[in-house]
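Comments concern the structure below.
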Amino acid sequence: MKSSISVIGSGFSSLASACYLAKAGYDVTVFEKNKTIGGRARQLKKEGFTFDIGPTWYWMPDVFERFFSDFDKKPSDYYTLHKLNPAYAVYFGQNDVITIEDTLEKICEVFEREEKGSTKKLRAFINSAKSNYDIAIKDLVYNPGLSVLELITPKTILKLNYFLSTIKKDVRKRFKNKRLAQILEFPVLFLGAKPSKTPSFYNFMNYADFGLGTFHPEGGMYQVILAMTELAKELGVTFKTEHPIDKILVQDAKAIGVESNGKSHYYDAVLSGADYHHTESLLDQNFRQYSEAYWEKKTFAPSSLLFYVGFNKKLQNIVHHTLFFDVDFDAHAACIYDTPKWPDHPLFYASFPSKTDASFAPKGKEAGIFLIPLAPGLEDTPQLREQYFNKIMERFEFLTSQSVRSDVLFKESFCVNDFVNDYNSYKGNAYGMANTLMQTAFLRPKLKSKKVKNLFFAGQLTVPGPGVPPSLISGKLAAELIAKELHLHLNEKDKTSV
Ligand SMILES: Cc1cc2nc3c(=O)[nH]c(=O)nc-3n(C[C@H](O)[C@H](O)[C@H](O)COP(=O)(O)OP(=O)(O)OC[C@H]3O[C@@H](n4cnc5c(N)ncnc54)[C@H](O)[C@@H]3O)c2cc1C
């Protein structure tokens, strides 16, 4: 008889694990609390408009290719990918925009215009970022984070200085122009911490940005969820939506199943892709590995206030991904990481997928997503949401020189309380636990429980960290540990591909 595994949650990490486990011969059942699959990457449809609720940036296409190739598939078997040009635009003031295009050549021209002589520096910086990318993404991040030794290789020893410096120091040393420095510091925001707290080794995100580029799957990021769900079903995975897990069943310090909607379901192992802190709350106190004090001390990635807006006209002076960096970055970052509070002058990000993909909005209209990063755990009220909507709309109108508020057909919002209610997210974090030096690799919460046998974890709070590509990798790593633990091995192809 096949060994059976229950998977908690249906985000990217759970879906990845489910696929690998099913391929390795297990009988896999996914339990998702919500009505739909996808976790933070669900989609909202309203009045002919479509919005990706969570991730909107498709970066590191190689990681997606590697995932699908492990199943002898390609992303193009499931969805169509376009490289965006421009990749994104950054506002620093009214009609004051820097546009990042789709090749390093063109980006160098922009840098040169801003800071004479910066082309040479940028090329050198991106070369170092590429070298770090090759080490990190082809090798390091596919380690399970069991020991410090995973990080010590002949290649990484030569990179020690990159772990001792920070992105901010490294960038500011090379680029005097503040706007260029801010653009180069932007990619590490995906990792959840301030550039001044992120080791400069993570400049591999700059290679992902300028070297590889920004992509858009036709129909949005949700297409990737649909693709993985289809693949999982092809591999025989069973999905149970509206099945919140209320308890992980443990006998003799061994996970034996899960309890959902008042019923017990028995399995040989349990894997959770739900937020780590929440998963541990499904266990009796004595089986939890990490105390409340442990989580309290950790640097979490921000939560967010999001708006999904249907506009009754096409908007001007914006591109698919547009960032608004016209206010003081450090002041906003302090409100997230140092003294948690709502920022007076928030930076924000906006996405207008209907600029490049007609499926997102009815003809002549625009779909807009607005995101303000916030400290996790902040008070979240309808009044605050409204106040901040007005705040950013006013700035948006000024900066892009157009009126839009009278053209809002509808808006939906999503904030701290929704992250908690919808995903059981710790303090309403949006994208997990940050990748600081002390929260990297073997220093992150472990993929395998130290206290409960046959209980495993995946997702953005464990290794390698936040973001869609790391979540895919996390799912693979957790599946491999299960295979090892239950003495069944993924096939040779999988082993050689890691
Ligand atoms: C607003 C936002 C924007 C982002 N932008 C980007 C981006 O542009 N690019 C990028 O790469 N990354 C981005 N990210 C990060 C990325 O979306 C996440 O890292 C990734 O989706 C996390 O996947 P996961 O599997 O770890 O967790 P989740 O997607 O949270 O999945 C966990 C699942 O567990 C379920 N669950 C929780 N508790 C239970 C329970 N008791 N029983 C059953 N099910 C349960 C939840 O409902 C959820 O479906 C963004 C995230 C957010 C929120």
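This is a predicted model, so every value here is computed, not measured. Remember, it's 1-based here, ligands and their atoms both numbered in the order they're listed. Numbers here simply count residues along the sequence, with the first being 1.
In this structure, the protein non-hydrogen atom closest to atom 23 (O) of ligand 1 is Ser471 OG, 3.5 Å. The protein atom (non-hydrogen) at minimum distance from atom 35 (C) of ligand 1 is Glu32 OE1, 3.5 Å. Regarding atom 29 (O) of ligand 1, its nearest protein heavy-atom neighbour is Arg40 N, 2.9 Å. Ranking the protein heavy atoms by distance from atom 31 (O) of ligand 1 puts Gly11 CA, 3.5 Å first. Closest to atom 32 (C) of ligand 1 among all protein heavy atoms lies Gly273 O, 3.3 Å.
Taking the six-membered ring for Trp, Phe71 and Tyr20 have ring centres closer than 6.0 Å. Taking the six-membered ring for Trp and the full ring otherwise, the centers of Phe324 and Phe396 sit less than 6.0 Å from each other. Ring centers of Phe64 and Trp59: at least 6.0 Å apart, outside the cut-off. If you look at Phe360 and His216, their ring centroids are closer than 6.0 Å. Separation of the Tyr78 and Phe68 ring centroids falls under the 6.0 Å cut-off.
Using a 4.0 Å cut-off between heavy atoms, Phe419 contacts ligand 1 through its side chain alone, with no backbone atom that close. Heavy atoms from both the backbone and the side chain of Trp57 come within less than 4.0 Å of ligand 1. With a heavy-atom cut-off of 4.0 Å, Asn424 touches ligand 1 through its side chain alone. Using a 4.0 Å cut-off between heavy atoms, Met221 makes no contact with ligand 1 at all. Contacts between Leu306 and ligand 1 below 4.0 angstrom, taking non-hydrogen atoms only, involve the side chain exclusively.
Interface of Ala274 with ligand 1, defined as ligand atoms under 4.0 Å from a residue heavy atom, comprises 32 (C), 34 (O), 36 (N), 37 (C), 38 (N).
Relative to atom 2 (C) of ligand 1, the option among Ser17, Gly54, Ala16 with the closest non-hydrogen atom is Gly54. For atom 7 (C) of ligand 1, the candidate residues are Ser10, Pro55, Gly39, Ser474; the nearest heavy-atom contact is made by Pro55.
Looking at Tyr431 next to ligand 1, no N or O pair under 3.5 Å apart turns up.
Here the rule is side chain to side chain donor-acceptor pair (under 3.5 Å) with Tyr423, and of His278, Arg40, Arg42 only Arg42 fits it.
Note on ring orientation: taking the six-membered ring where Trp is involved, the planes of Phe311 and Phe352 are tilted (angle from 30° to 60°).
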Per-pair distances, 0.1 Å, donor-acceptor, side chain in residues 205-213, under 3.5 Å, sequence neighbours excluded:
from	atom 1	to	atom 2	distance (Å)
Asn206	ND2	Leu184	O	2.8
Asp209	OD1	Tyr88	OH	3.3
Asp209	OD2	Tyr88	OH	2.6

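Ligand 1 does not have Gly475 within reach: every non-hydrogen atom of the residue lies 4.0 Å or more from it.
For the residue pair Thr279/Ser272, the side-chain donor-acceptor check at 3.5 Å is satisfied.
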